[in-house]
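Naming convention: chains lettered A, B, ... in sequence-line order (proteins, then strands); numbering from 1 in each chain. For the numbers below, each heavy atom of this structure counts, side chains included, while hydrogens, waters and symmetry mates do not.
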2 protein chains.
Amino acid sequence: MKKYKIVIVEDHLLLSQAIGNIVDSFDDFEVICLCNNGKELTEKFSNSDVIPDVILMDINMPIMNGIETTEWLTKHHPNVKVLALSVEDDEDTVLRMLRAGAKGYLLKDVEKSILEEALLEVIKNGFYHTKDVTDILMNSICGEQESIQFKENELIFIRYACSEMTYKEIAEKMFLSPKTIDGYRQVLFGKLGVKNRIGLAMYAIRNKIFMP
Amino acid sequence: MKKYKIVIVEDHLLLSQAIGNIVDSFDDFEVICLCNNGKELTEKFSNSDVIPDVILMDINMPIMNGIETTEWLTKHHPNVKVLALSVEDDEDTVLRMLRAGAKGYLLKDVEKSILEEALLEVIKNGFYHTKDVTDILMNSICGEQESIQFKENELIFIRYACSEMTYKEIAEKMFLSPKTIDGYRQVLFGKLGVKNRIGLAMYAIRNKIFMP
DNA sequence: TTTAAAAAAAGGGTTTTTCCCTTAAATTAT
DNA sequence: ATAATTTAAGGGAAAAACCCTTTTTTTAAA
């Protein structure tokens, strides 16, 4: 009986081997390859004609992360199913991974049996989603997004506003008049409902516009 | 031949089982128990007289984390060796774990063979440190730490300074004169080498005094 | 293609907040 | 009692915040 071929992309060797063992213990699956990162995977795909059925993909990896790699796969090998396997459970990461084309998203604290079920489902139906992920999906649709859009200059200004530069210095850096910068400031304070530069900086950090 | 007894404390079930399998495959070790968090471990210790030789301890766990749990073990069961097993490789976490009494610190990307070596070393010599961890240790000793100490009021002020409150409002909240607050501000600017409130807020976030 | 509307960039000027230096009283430690 | 530390406070300059107006550029429409 033919087994489905699995590739694991995961930079933590111990975990990679461990998942490999578990998957190998399933009747219908066999691990054909372990990759340390996305780059390694894309190279393997180029130099070989053995194509896996499912890829178990970590997200936080050096060199080429899970989201980038999944995008690449969706583009170049749309028939290969990607199942994300990560510790990240924040909405943003989950959504970006699904948008990139992942067929499912498992948290690393799943049980063996769920992993097996997920693999079978992905093969059979093309997708597998736990309740957690479905909730996140629903939430992202229902919860009126609002998602404020920024112009390029506004983003640049916001980042400078998170530094110790004065507005005058920011103006110089951006080759604009201090008065224009003051305009940006005023517009953004209104848009974001903040009272001062500290509020702006905190907004920037919370929304990952600026990383401290 | 008697095998050394290992307990694994790890909230991610998949990883927990996986590590369990690996450890069971070693000749000299057997896993006697898996715990989801520190609390579970302390309860097991109270209700049983089977004491393990080594505990493989994750750090990020709900309810009772690895550092707290290690502190508890160091106090109540100093003979049980704790080997930290984590993805966190930042200096701060490593140091806190070692200070709590861990005998070694492995990153989760270690190979099987290293894990076995670490377990054997911990049993034999009482400790095991990889080069990475030794480097961090050295760095923390050599690199003049400076580690700025804050008074309680300073910490409270710093956190308020990360909000949109004016200094006057902060003064009211803290039942102090605005001029006293201004004093705090000035002292802290000097201590931390920042130029303005934004700099102070960013310092607070970088050093985990304030979480945005 | 000219014209109208909208958005971006600047300017002027006022109020408030921040920042910095210095001094003094009150508290705490030696 | 004396020395440090903490708390409080004044004066003044700079920066930030705010509001309203004008010019320039971009975009859309007639």
Undergrad: Is it the case that atom NZ in A:Lys39 sees more than 12 heavy atoms from other parts of the structure closer than 6.0 Å?
TA: no
Undergrad: Has A:Thr74 got a side-chain atom pairing as donor or acceptor with A:Ala100's backbone, closer than 3.5 angstrom?
TA: yes
Undergrad: Could you check, using the six-membered ring where one of them is a Trp, whether B:Phe45 and B:His76 have ring centers closer than 6.0 angstrom?
TA: no
Undergrad: Taking atom P of D:dA8 as reference, at what distance in whole Å does atom CD of B:Glu172 sit?
TA: 14 Å
Undergrad: What string of B, S and - do you get for nucleotides 6-22 of chain C, 5' to 3', when a contact is any protein heavy atom under 4.0 Å?
TA: --SSBBBB---SSBBB-
Undergrad: If you count heavy atoms of other groups shown closer than 6.0 angstrom to CZ of A:Phe189, is the number above 12?
TA: yes
Undergrad: For atom CZ of A:Phe150, decide whether the heavy atoms of other residues, nucleotides or ligands shown that lie under 6.0 angstrom number more than 12.
TA: yes
